[in-house]
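In what follows, residues are counted from 1 in the order of the sequence shown.
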Amino acid sequence: MFDNNNQIFAAPLAGITDKPFRRLMREFAPNAPMVTEMISCHSLVGAHRGCLRNFDTYADEGPVGAQIFGADVELMASAAKILQDNGAKWIDINMGCPVPKVATRAGAGAFLMRDHALAGRIVGAVARAVQIPVSIKTRLGWDDEHQDWMDLIRVAADNGAAFATLHGRTRAQLYVGSAQLPVKPQTPIPIIANGDIRDADDVARVKDLGYDGAMIGRGLLGRPWLLGQLANGAAAPENVGAVVLRHLDMVLDYYGPRTGVPLFRKHAAWYSAGLKNATEFRIRVNQITDENVLRAAIAEFWGCVAG
C-alpha cells in the first residue's frame, strides 16, 4: 500500500508474479509492496478449481495487493471482499491490460479507459465492499488520440481510489516501443510510475518527473532480487544457481511437477539470459519434462549442487 515514501513496487505480471515468485522476491525485499497476477472476478467468485491463485492466502506475505479484473460491478465487489478476507493488504483494479481477450472481448482491463462511467461504478463498489485501500492501474489512454488518463484518475479518486499506477504506453502500443511517461501534473491521489523501469537511474528519472513511487515490471524477469536492490539496497546473490533451484522447488511445491516443470522453463531462460552458453542451455531446458533432469541441468549450468 502507498505510504508517501517514494516506494518501489513489484508490478502484477501475468504468468510471472504468482505465489512462488512473490515468495522468492520477498526473501530479498522484506517490506516492499507487491501486486499479484491479475485475477478474474468471475473465476474467483465462482471458485474455479483450475486456477490455483483463486485459493491463495496472503496473510503471511507482507504488503501484497491483489489485482482483479472484470466488467461486472457486483462481481468485482464480491471478488474484492474475498481477497480482503484472504489477507490482501489492498485491492488493485486492472484498467490497463491490453490483450484482446481482456480489453475487447471481456470489456475489462484497458477497455475501462473507454468507459469512465463504468470504471467509476466499479471503483465505488469495490471501495464500499472492503475496508482496505483500493487502487487502479491504467495506461496513458486507448491510443495516441485518446490519452485521457488524468480524467480516468480523477474518476477513480472521486469514487474512493487511494492511489493509482500509470504505465507509460497506450493500449494500442501493447508493450512495443519505449514507455513515455509525462511530467506528473497535480493529481488528486498519488501516482506510481510504471513502464521500462529497470534500475536505480530509471527510478530517479520518474521521481524527477514528479511521480510518487515506481513500479518494476519486466525488469524482474530472471532477477527476482531486483526489487530488493532498488527498494532497500539488497545485494544481488553471489550464487544465482542456488536461487534458481530454490525457485524451481517453490514452483514444484505449488503446482506439482506436471504443470511446474514446463512452466519453469521460461524462468530458466530468463535467469540464463546473457550468460555464456545460454542459448544451448535454453534449447536443452525446453526439451526437459522431468523435474530431476531439470534440476540437474540447472545445477550443471550454474556449477552448483542440486538438492
Side-chain angles (χ1 to χ4, degrees), residues 8-29 32 34-37 52-53 99 174-179 194-203 214-307:
I8 311 297
F9 290 68
L13 297 170
I16 309 299
T17 51
D18 55 10
K19 195 174 186 74
F21 196 77
R22 295 195 305 272
R23 284 179 58 200
L24 190 61
M25 283 195 294
R26 186 60 76 207
E27 293 182 6
F28 300 98
M34 306 176 186
V35 189
T36 68
E37 300 176 273
L52 287 178
R53 61 181 171 271
V99 299
L174 300 177
Y175 296 97
V176 177
S178 299
N194 174 234
D196 297 346
I197 297 173
R198 300 175 185 273
D199 55 34
D201 288 342
D202 293 329
V203 172
M215 181 176 282
I216 314 164
R218 289 178 291 172
L220 294 167
L221 303 183
R223 296 191 297 169
W225 51 85
L226 179 61
L227 179 64
Q229 287 182 298
L230 298 182
N232 51 260
E238 294 183 5
N239 188 344
V240 172
V243 175
V244 180
L245 288 171
R246 192 158 65 253
H247 189 186
L248 173 61
D249 286 339
M250 291 176 179
V251 167
L252 294 174
D253 182 63
Y254 185 75
Y255 292 101
R258 183 174 182 179
T259 299
V261 169
L263 184 151
F264 195 76
R265 293 170 183 158
K266 62 188 178 186
H267 288 288
W270 289 323
Y271 280 117
S272 69
L275 300 179
K276 183 179 179 181
N277 299 323
T279 300
E280 292 82 356
F281 172 73
R282 289 194 293 271
I283 292 171
R284 179 184 176 191
V285 162
N286 283 336
Q287 299 171 353
I288 294 175
T289 58
D290 180 85
E291 61 178 297
N292 293 318
V293 176
L294 178 57
R295 189 176 285 108
I298 291 168
E300 178 185 353
F301 182 76
W302 272 279
C304 55
V305 178

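- Taking CZ of Arg218 as the reference point, atom CG of Leu221 lies at 8.0 Å (rounded to 0.5 Å).
- Side-chain contact between Trp270 and Ile16: present, with at least one pair of heavy atoms (C-beta onward) separated by less than 4.5 Å.
- Minimum interatomic distance between Ala11 and Asn194 (heavy atoms only, all atoms of both residues): CB-ND2, 4.3 Å.
- Considering every non-hydrogen atom in both Tyr255 and Pro20, the closest pair reads CE1-CG, 4.3 Å.
- Considering all non-hydrogen atoms of both residues, Asp196 and Gly177 come closest at OD2-O, 4.2 Å.
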Q) What do the steps show when you test Leu248 against Leu294 for side chain to side chain contact (heavy atoms under 4.5 Å, CB included), and what is the final call? A) CA-CA 9 Å; Leu248 173 61; Leu294 178 57; 3.8 Å; yes

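- When side chains are defined from C-beta on, Arg22 counts as touching Thr36, because their heavy atoms get closer than 4.5 Å.
- With contacts defined as side-chain heavy-atom distances shorter than 4.5 Å, the pair Arg265/Thr289 qualifies.
- Without hydrogens or angle criteria, Asn286 side chain to Arg282 main chain gives a donor-acceptor distance under 3.5 Å.
- The shortest heavy-atom contact between Pro224 and Met25 is O-CG, 3.4 Å.
- Other residues, nucleotides and ligands contribute only 12 or fewer heavy atoms inside 6.0 Å of the CZ atom of Arg23.
- Lys19 contributes no side-chain N or O that, together with a main-chain N or O of Val251, makes up a donor-acceptor pair within less than 3.5 Å.
- Between the CG atom of Leu230 and the CH2 atom of Trp225 there is a distance of 13.0 Å, given to the nearest 0.5 Å.
- At a threshold of 4.5 Å between non-hydrogen side-chain atoms, the residues Val261 and Leu252 count as touching.
- Screening Thr259, Ile288, Val244 for a side chain to side chain contact (heavy atoms under 4.5 Å, CB included) with Phe264, the sole residue that qualifies is Val244.
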(Q) Applying side chain to side chain contact (heavy atoms under 4.5 Å, CB included) to Ile216 and Arg198, what does each step give before you reach the verdict? (A) CA-CA 7 Å; Ile216 314 164; Arg198 300 175 185 273; over 6 Å; no

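- Residue pairs meeting the side chain to side chain donor-acceptor pair (under 3.5 Å) criterion with at least one member in residues 236-247, sequence neighbours excluded, are Glu27-Arg246, His247-Tyr271.
- Under the 4.5 Å side-chain criterion, counting only non-hydrogen atoms from C-beta, Leu227 is not in contact with Phe28.
- Separating the CG atom in Leu24 from the CE atom in Met250 is a distance of 5.0 Å, to the nearest 0.5 Å.
- Of the inter-residue distances, the one linking Glu37 atom CD with Arg53 atom CZ reads 4.5 Å to the nearest 0.5 angstrom.
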Q | Pair Ile8-Met215, side chain to side chain contact (heavy atoms under 4.5 Å, CB included): steps then yes or no | A | CA-CA 6 Å; Ile8 311 297; Met215 181 176 282; over 6 Å; no

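- Rounding to the nearest 0.5 angstrom, the gap separating the CD atom in Glu280 from the OG atom in Ser272 is 10.5 Å.
- Summarising the geometry, atom CG belonging to Asn277 is positioned 6.5 Å from atom CZ belonging to Phe301; distances are rounded to the nearest 0.5 Å.
- Side chains of Leu245 and Cys304 form a contact here, defined as non-hydrogen atoms less than 4.5 Å apart.
- Taking 4.0 Å as the cut-off between side-chain N and carboxylate O, Arg295 and Glu300 do not count as a salt-bridged pair.
- Residues Asp199 and Gln229 fail the side-chain proximity criterion, which asks for heavy atoms closer than 4.5 Å.
- Note: His267 and Phe21 have parallel aromatic rings, judged against thresholds of 30 and 60 degrees for the angle between ring planes.
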**Q.** Steps toward side chain to side chain contact (heavy atoms under 4.5 Å, CB included) verdict (Leu275, Trp302)
**A.** CA-CA 10 Å; Leu275 300 179; Trp302 272 279; 3.6 Å; yes

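- For Arg26 against Ala32, the heavy-atom pair with the smallest separation is NH1-O, 2.7 Å.
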